[in-house]
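Notes for the one structure printed next.
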Amino acid sequence: MADTAQAQELVYLVTGGCGFLGEHVVQMLLQREPRLRELRVFDLHLSPWLEELKTGPVQVTAIQGDVTQAHEVEAAVAGAHVVIHTAGLVDVFGRSSTKTIYDVNVQGTQNVIDACVQTGTRFLVYTSSMEVVGPNTRGHPFYRGNEDTPYEAVHSHPYPRSKALAERLVLEANGRKVHGGLPLVTCALRPTGIYGEGHQIIRDFYHQGLRLGCRLFRTIPASVEHGRVYVGNVAWMHVLVARELEKREELMGGQTYFCYDNSPYKSYEDFNMEFLGPCGLRLVGTRPLVPYWLLVFLAALNALLQWLLRPLLLYAPLLNPYTLAMANTTFTVSTDKAQRHFGYEPLFSWEDSRSRTIRWVQTTGSAQ
Ligand SMILES: NC(=O)c1ccc[n+]([C@@H]2O[C@H](COP(=O)([O-])OP(=O)(O)OC[C@H]3O[C@@H](n4cnc5c(N)ncnc54)[C@H](O)[C@@H]3O)[C@@H](O)[C@H]2O)c1
Ligand SMILES: C[C@@H](CO)CCC[C@@H](C)[C@H]1CC[C@H]2[C@@H]3[C@H](O)C=C4C[C@@H](O)CC[C@]4(C)[C@H]3CC[C@]12C
């Protein structure tokens, strides 16, 4: 818990604070922000673990609310010094309509910005995504790129499009006068694929592997590298940015930062095997066992079935043309911008991140 010897004066608001990343941000703030007086956790669905936090030295206020409702957002933001906006609809599988994705990710972000302006909150950290850059629909590789690497960002899917629009809103809001006359200071963090305790897709792959006799079958060439970052390090970056924005507003205001750490560059499937292997699963094949044209066909078939079945039921498998393109396109980041701008170093080593994730898969994996 926070060091109570320092003056506890700050009020933070974390939107989406009960999500996969949001929970880690909440825990990290409690452990690593000694100036915290109150932590407001705003989410559509409040988690039971919040109750346990209410007995600590920091006042934890749980707020059940919807970012699409401007009045709810404004009430939550009023009096906060810093807002960390992680709430979002993460959907690349077609579970939600395009309109719902835009309402939550774009209008919800606009509501957060407006609430900061109206109530006088000066510091806003936005959780963006690598997907505002790519991979693009043309499958161009982004190999060890950084924030300045030229890349043709072409979005056809509502999720990356919504994240790109929302990120632009946040960056354009930097410098706007908030209530009281001082400027708003904003920045955006762009995680690559996050992994760690609470990562639902790893759990799904684990259960799929168990059903297939402790095997998974390689579908993506091992040479396609996919950027991944440990959730604890992403949370740590959020906490550091929130802390440093005040001191370095000229340098950091309006900036974007990829989230990175020392996780190895691997294909999506080989990376997952770093955790699933020690849990008893095996990846069969050194090369893809299914020809690529067949995967393309199956992905298109899934999209067609989703569309045909929509009036009757929700059919949203992992494989669709977009997720196939993502998994099959190299997108890796190599940058030190966060280190240069605000002194970020990963808090968790790769070995630590890996063993924490393995432990989590082992303990929660069989409980389904
Ligand atoms: N998971 C990743 O690999 C990844 C990578 C890059 C960026 N991101 C971004 O990180 C953020 C968090 O993602 P996550 O993986 O933790 O997702 P998540 O779904 O686990 O968490 C999102 C949280 O937002 C909440 N939320 C959704 N709609 C809301 C609404 N209308 N009002 C209030 N709360 C709402 C959800 O209840 C949930 O608790 C998102 O903005 C996402 O775009 C995630
Ligand atoms: C072809 C399949 C057979 O094994 C594999 C499908 C894997 C996909 C389901 C995932 C491959 C890449 C993932 C995405 C990536 O890690 C980055 C993301 C950014 C973030 O903002 C949200 C999550 C995600 C879109 C993530 C989702 C799952 C993949 C598409």
Side-chain angles (χ1 to χ4, degrees), residues 20-25 27-29 31-33 84 86 125 127-135 141-149 151 187-199 201-203 205-206 220-244 252 255-279 283 326-327 329-362:
F20 165 46
L21 172 62
E23 176 177 352
H24 286 265
V25 172
Q27 301 284 3
M28 189 64 73
L29 279 168
Q31 287 162 18
R32 301 261 168 183
E33 182 41 86
I84 300 182
T86 76
V125 181
T127 314
S128 182
S129 169
M130 75 184 216
E131 281 188 84
V132 306
V133 180
F142 185 88
Y143 182 75
R144 318 271 161 102
N146 63 31
E147 289 82 353
D148 299 318
T149 303
Y151 188 78
C187 77
L189 295 183
R190 295 171 172 171
T192 53
I194 308 174
Y195 69 93
E197 305 95 301
H199 186 213
I201 300 179
I202 289 198
R203 197 163 26 193
F205 276 117
Y206 180 56
I220 302 296
S223 56
V224 176
E225 288 183 356
H226 197 86
R228 303 294 286 268
V229 58
Y230 177 61
V231 67
N233 287 324
V234 179
W236 174 229
M237 259 183 102
H238 281 71
V239 171
L240 263 188
V241 167
R243 185 192 293 167
E244 297 298 319
M252 293 172 63
Q255 294 288 328
T256 57
Y257 301 95
F258 278 120
C259 296
Y260 57 92
D261 60 15
N262 296 316
S263 303
Y265 300 113
K266 288 190 171 220
S267 75
Y268 189 77
E269 292 169 329
D270 284 306
F271 192 86
N272 286 348
M273 287 313 292
E274 291 283 346
F275 321 113
L276 301 180
C279 294
L283 184 63
M326 277 210 84
T329 306
T330 288
F331 196 100
T332 49
V333 166
S334 173
T335 175
D336 63 353
K337 185 174 175 184
Q339 194 273 328
R340 285 186 284 109
H341 280 208
F342 53 93
Y344 164 77
E345 293 290 346
L347 196 57
F348 301 92
S349 66
W350 159 240
E351 290 71 25
D352 206 4
S353 309
R354 181 173 178 269
S355 53
R356 282 167 178 263
T357 308
I358 292 170
R359 223 174 307 134
W360 173 76
V361 176
Q362 281 168 341

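Predicted model, so just to flag it, every value in this text is computed and none were measured.
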Rounded to the nearest 0.5 Å, the CD1 atom of I358 sits from the CD atom of E197 at a distance of 11.0 Å
Can you name the residues that form a salt bridge (Lys or Arg N to Asp or Glu O under 4.0 Å) with E244, not counting sequence neighbours?
K247, R248
Heavy-atom closest contact (I194 atom, Y230 atom, distance)
CG2-C, 4.5 Å
For the OG1 atom of T357 and the CD atom of Q362, what is their distance to the nearest 0.5 Å?
11.0 Å
Hey, are the side chains of L189 and T127 touching, using non-hydrogen atoms and a 4.5 Å cut-off?
no
Spacing of SG belonging to C187 relative to CD belonging to Q255, to within rounding of 0.5 Å:
8.0 Å
On a heavy-atom basis, the closest approach of Y260 and Y344 is O-OH, 2.5 Å
From D148 CG over to T335 OG1, what is the distance, rounded to the nearest 0.5 angstrom?
8.0 Å
The side-chain hydrogen bond (donor to acceptor under 3.5 Å, both in side chains) partners of H226 (sequence neighbours excluded) come to none
Spacing of CE belonging to M273 relative to CG belonging to L283, to within rounding of 0.5 Å:
5.5 Å
Might you work through the side-chain contact (heavy atoms from CB on, under 4.5 Å) test for I84 and L29, ending with a clear yes or no?
CA-CA 11 Å; I84 300 182; L29 279 168; 4.2 Å; yes
Using 0.5 Å steps for rounding, measure from the SG atom of C259 to the CG atom of N233.
9.5 Å
Minimum heavy-atom distance S128-A188, with the two atoms named:
CB-CB, 4.1 Å
Chi angles and distances behind the side-chain contact (heavy atoms from CB on, under 4.5 Å) call for V241, V125
CA-CA 7 Å; V241 167; V125 181; 3.8 Å; yes
What residues form a side-chain hydrogen bond (donor to acceptor under 3.5 Å, both in side chains) with Y257, not counting sequence neighbours?
H341
Given L21 and H238, is the side-chain contact (heavy atoms from CB on, under 4.5 Å) satisfied, shown in steps?
CA-CA 10 Å; L21 172 62; H238 281 71; 4.0 Å; yes
Contacts of type side-chain contact (heavy atoms from CB on, under 4.5 Å), residue S129, not counting sequence neighbours:
E131, Y159, K163
Please work out which of the three classes, parallel, tilted or perpendicular, describes the rings of W350 and F271, given edges at 30° and 60°.
tilted
Looking at residues at least two apart in the chain, or sitting in another chain, which of them share a side-chain contact (heavy atoms from CB on, under 4.5 Å) with Y265?
R144, E225, T332, S334
Could you tell me whether the side chain of F142 reaches within less than 4.5 Å of the side chain of T329, counting heavy atoms only?
no
For residues 227-236, which residue pairs pass the salt bridge (Lys or Arg N to Asp or Glu O under 4.0 Å) check, not counting sequence neighbours?
none
Could you tell me which residues satisfy side-chain hydrogen bond (donor to acceptor under 3.5 Å, both in side chains) with T149, sequence neighbours excluded, listed by chain and number?
N146
Which residues pass the salt bridge (Lys or Arg N to Asp or Glu O under 4.0 Å) test with E274, not counting sequence neighbours?
K266, R354
Going by the salt bridge (Lys or Arg N to Asp or Glu O under 4.0 Å) test, which pairs reach into residues 341-352, not counting sequence neighbours?
D352-R356
Once the angle between the rings of H24 and F20 is folded into 0 to 90°, is it parallel (under 30°), tilted (30 to 60°) or perpendicular (over 60°)?
perpendicular
V231 and H199: side-chain contact (heavy atoms from CB on, under 4.5 Å), yes or no, with the steps?
CA-CA 9 Å; V231 67; H199 186 213; over 6 Å; no
With T192, which residues qualify under side-chain contact (heavy atoms from CB on, under 4.5 Å), at least two apart?
M130, V229, V333
Kindly indicate, with the supporting measurements, whether the criterion ring pair (Phe, Tyr, Trp, His ring centres under 6.0 Å) is fulfilled by F275 and Y195.
CA-CA 10 Å; F275 321 113; Y195 69 93; 5.2 Å; yes
When you compare the side chain of P135 with that of Y151, does any pair of heavy atoms fall below 4.5 Å?
yes
Going by the rule salt bridge (Lys or Arg N to Asp or Glu O under 4.0 Å), which residues pair with D270 if we only count those two or more places apart in sequence or in a different chain?
R218
Can you tell if the side chain of L276 reaches within under 4.5 Å of the side chain of F205, non-hydrogen atoms only?
yes
State which residues pass salt bridge (Lys or Arg N to Asp or Glu O under 4.0 Å) with D336; sequence neighbours excluded, sorted by chain then number.
R340
Does the side chain of Y206 reach to within under 4.5 Å of the side chain of C279, using non-hydrogen atoms?
yes
Under 3.5 Å, is there a donor-acceptor pair between the side chain of E269 and the main chain of A222?
no
